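Have a look at the structure below, then the notes.
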Amino acid sequence: MLQIPYIKENRDLVIERFTKRNLDLTKTIDEILSLDEQRKATQQSMDHDLAEGNKLAKQIGDLYKSGKAEEANVLKEQTKSLKEKSNEEKAKLQEIEEAQQNLLYQLPNVPNEIVPKGNTDADNKIVEEHGNVVTFDFEALPHWDLAKQYGLIDFEVGVKISGAGFPVYTGKGAKLQRALINFFLDEAENAGYSEVIPPHLVNEASGYGTGQLPDKEGQMYHVGVDDLYLIPTAEVPITNIYRDVILKESDFPIKNSGYTPCFRREAGSYGKDVRGLNRLHQFDKVEIVQIQHPSKSYEALNDMVKHVSGILDKLGLQYRIALLCGGDLGFTSALTYDFEVYSAAQNRWLEVSSVSNFEAFQANRLKLRFKNTEGKTELAHTLNGSALALPRIMAALLENNQVEDGVNIPEVLFPYTKFQKID
RNA sequence: GGAGAAAUGGCAGAGCGGUUGAAUGCACUAGUCUUGAAAACUAGCAUACUGAAAGGUAUCGGGGGUUCGAAUCCCUCUUUCUCCGCCA
């Protein structure tokens with residue numbers, strides 16, 4: 001959520017930046033600002049009336065003490081109309097604040113200056129490409145065929161147990177999955193992230209804190225009886241650790257990593273996009289989260305990009321980094337880099353990581369602040385990234401490393417898998 | 001799931017209808033003293049809105065009510081603790 005003083009001071013810039021998202025929010029913004037004027041005026045007159053009432057109450061108290069009950073009764077009469085008036089003003093104030101809040105919730109984050117204007121992922125800017133192109137001198141199989149052939153993943157039994165999008169990992173498939181999780185967590189630890197294991201169900205306040213609610217409600221599984229949401233990403237519980245917290249400057253940077261399963265309803269997807277591991281309702285992911293001083297958050301973003309690159313380099317995957325255009329940029333993000341690995345048998349790029357700087361957008365909802373050197377509280381910046389999402393890494397590893405009689409495991413994983421080849 | 005108790009500032013802990021935004025202690029920050037440190041002493045030390053400032057307003061788990069006036073009384077929700085039951 002954007003801060004009103006920020007919007008007020010940067011009205012034109014904000015409106016202009018939203019055009020990167022192909023949004024014209026001039027009307028919404030002006031309405032928010034006008035409501036703010038109303039809010040102030042109402043607040044002021046209410047405060048004035050309340051102050052008046054407080055004064056009278058004090059006088060009445062004093063009069064009673066000195067035994068002048070009659071004089072007190074006269075004053076009591078005066079408080080009546082004052083109270084009525086302040087009650088009306090209170091109701092009006094609540095109405096204004098609610099209207100303002102609703103409009104504010106509709107505003108996405110302001111894209112960073114370097115975010116390209118655009119509509120879809122076709123307008124994203126590829127900023128880096130790494131790794132070697134994989135070619136085959138035999139007929140390469142997509143990962144779902146490999147998974148079946150070597151008994152790595154059972155999609156059908158997952159359908160029986162839960163439904164489509166809930167695969168069962170078996171044999172070396174299960175071991176490879178666990179190996180990858182441990183490898184990712186170790187990499188994060190080496191990069192200075194401290195590991196947490198957060199809850200997998202979160203309450204409504206947490207959903208609002210990181211911005212999944214109110215606008216992306218349908219994307220999460222909701223446990224109605226207890227009013228809890230299954231996490232769509234570890235970002236939600238991990239970032240919410242710092243909800244309603246006031247940090248010291250010396251606490252920066254806060255770096256957390258965490259492995260969790262992620263649950264997404266993904267309504268309305270179809271076709272080749274959802275084949276095999278490409279898109280699931282439940283998947284595993286190692287997430288990295290940073291809380292940073294505003295002046296250092298873009299430095300942190302670059303660190304995170306390097307961290308993810310390092311992992312993909314070690315796995316020997318061909319990948320590219322895309323700077324997301326305004327239209328593809330998430331609601332809460334100011335700047336996002338997507339990582340895509342090339343899946344050599346499907347012949348397509350698969351998104352495996354998304355690294356974002358939310359600046360103060362989440363922090364504002366979270367009330368995540370710090371005391372600056374002048375002793376004033378200021379919003380911190382939050383960032384997060386996948387490092388990494390498992391299924392598509394698994395898909396690319398299987399496809400890209402297949403040989404005629406099996407699949408080779410990247411060397412860096414040997415200590416984790418304890419086997420070197422799937423056959 | 002059943003029964004009971006409780007929720008106050010960073011922490012501990014008073015207050016239970018009227019200069020209480022809140023005693024006191026600890027922690028923290030600055031200063032005095034000291035060669036330095038400790039100790040001692042002095043001062044400061046919640047958040048938000050509003051105002052040029054002085055100041056004003058709100059907040060003692062959340063919401064609502066009683067009252068001229070609520071941290072203090074009532075209702076309700078939430079959470080925590082203790083005992084019983086169940087259980088990985």
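Since we're looking at a predicted model, the values are computed, not measured. Letters go in sequence order (proteins before strands), and every chain restarts at 1. We use all heavy atoms of the structure for the numbers below, so side chains are in, but hydrogens, waters and symmetry mates are not.
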Pairwise N/O distances under 3.5 Å, protein to nucleotides 17-19 of chain B:
{"residue": "B:G18", "atom": "N2", "partner": "A:A57", "partner atom": "O", "Å": "2.9"}

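- In this model, the phosphate group of B:A48 is approached by a side-chain N or O of A:T377 to a distance below 4.0 Å at OP1 or OP2.
- A residue-by-residue look at A:Q94 and A:T79 shows that A:Q94 has its nearest nucleotide of RNA chain B further toward the 5' end.
- Comparing B:C81 with B:G61, their C1' atoms sit 15 Å apart, to the nearest whole Å.
- Across the C1' atoms, B:G4 and B:A22 are found 30 Å apart, a figure rounded to whole Å.
- B:U19 and B:A70 have their P atoms separated by 11 Å, given to the nearest Å.
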Distances under 3.5 Å between nitrogen or oxygen atoms of protein and nucleotides 58-63 of chain B:
none

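- Nearest-nucleotide positions on RNA chain B place A:I246 closer to the 5' end than the other of A:I246 and A:K83.
- Annotation: ring pair (Phe, Tyr, Trp, His ring centres under 6.0 Å) contacts involving residues 9-66 of chain A, sequence neighbours excluded, are absent.
- Separating the C1' atom of B:U59 from that of B:U72 is a span of 16 Å, rounded to the nearest Å.
- Taking atom CD of residue A:Q59 and atom P of nucleotide B:C68, one finds them 16 Å apart after rounding to whole Å.
- The side chain to side chain donor-acceptor pair (under 3.5 Å) pairs that include a residue from residues 16-30 of chain A are A:R11-A:D30, A:N22-A:K117, A:N22-A:N119, A:D24-A:T26, where partners are two or more places apart or lie in different chains.
- Rounded to an integer number of Å, the gap from NZ of A:K76 to C1' of B:G69 is 10 Å.
- Between A:R348 and A:E399 there is no salt bridge, since no side-chain N of the basic residue sits under 4.0 Å from a carboxylate O of the acidic one.
- Between A:Y221 and A:F166, the ring planes are tilted. Angles from 30° to 60° get that label.
- B:A6 and B:C16 have their P atoms separated by 16 Å, given to the nearest Å.
- Taking the C1' atom of each, B:G13 and B:G25 are spaced 8 Å apart, rounded to whole Å.
- Put simply, CG on A:N73 is 14 Å from P on B:G69, counting in whole angstrom units.
- Using a distance-only test at 3.5 Å, with no hydrogens or angles considered, a donor-acceptor pair links the side chain of A:Q402 to the main chain of A:L141.
- Here side chain to side chain donor-acceptor pair (under 3.5 Å) pairs that include residues 228-239 of chain A, with residues two or more places apart or in two chains, are A:E217-A:Y229, A:T233-A:K285, A:E235-A:Q362, A:E235-A:N384.
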Evaluate side chain to side chain donor-acceptor pair (under 3.5 Å) for A:N109 paired with A:E359, printing each intermediate quantity in order.
CA-CA 9 Å; A:N109 204 350; A:E359 297 187 357; 5.2 Å; no
Pairing pattern in dot-bracket form [Watson-Crick, G-U; both distances under 3.5 Å; | = partner strand] for RNA chain B:
((((((((.[[[..)..(.....]]].(((((.......))))).(((((....))))).[[[[[..)....]]]]])))))))....
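- Annotation: cation-pi pair A:K172/A:F419 present, NZ/CZ under 6.0 Å from the ring centroid and within 45° of its normal.
- Contact annotation: the side chain of A:T120 approaches that of A:D123 to within less than 4.5 Å [non-hydrogen atoms, C-beta and beyond].
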Between side-chain atoms of residues 149-158 of chain A and protein atoms elsewhere (two or more places apart, or another chain), which donor-acceptor pairs fall under 3.5 Å?
{"residue": "A:Y150", "atom": "OH", "partner": "A:G406", "partner atom": "N", "Å": "3.1"}
{"residue": "A:D154", "atom": "OD1", "partner": "A:E156", "partner atom": "N", "Å": "3.1"}
{"residue": "A:D154", "atom": "OD1", "partner": "A:V157", "partner atom": "N", "Å": "2.9"}

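- One atom, CG of A:L379, and another, C1' of B:U47, lie 13 Å apart when rounded to the nearest Å.
- Per the geometry, CG belonging to A:L228 stands 13 Å off P belonging to B:U78, to the nearest Å.
- Straight-line distance between the P atoms of B:A46 and B:A54: roughly 16 Å, to the nearest whole Å.
- Applying the ring pair (Phe, Tyr, Trp, His ring centres under 6.0 Å) test to every pair with at least one member in residues 71-120 of chain A, sequence neighbours left out, gives these pairs: A:Y105-A:Y208.
- Taking a 6.0 Å sphere around NZ of A:K421, one finds it holds more than 12 heavy atoms contributed by other residues, nucleotides or ligands.
- The salt bridge (charged side-chain N to carboxylate O under 4.0 Å, His left out) pairs that include a residue from residues 181-197 of chain A are A:E187-A:K314, where partners are two or more places apart or lie in different chains.
- The CD-C1' distance, from A:E89 to B:U50, rounds to 14 Å in whole Å.
- Applying the salt bridge (Lys or Arg N to Asp or Glu O under 4.0 Å) test to A:R39 and every residue at least two apart in sequence or in another chain returns A:D36.
- Taking a 4.0 Å limit (strictly below) on heavy-atom distances, residues 38-45 of chain A reaches RNA chain B at A:R39, A:K40, A:Q43, A:Q44.
- Between the NZ atom of A:K55 and the P atom of B:G69 there is a distance of 17 Å, given to the nearest Å.
- Legend: ring pair (Phe, Tyr, Trp, His ring centres under 6.0 Å) pairs involving residues 179-200 of chain A, not counting sequence neighbours, sorted by first then second residue: A:F183-A:Y416, A:Y193-A:H307.
- Distance, A:E97 CD to B:U57 C1': 13 Å, rounded to whole Å.
- B:C28 and B:G10 have their C1' atoms separated by 8 Å, with the value rounded to a whole Å.
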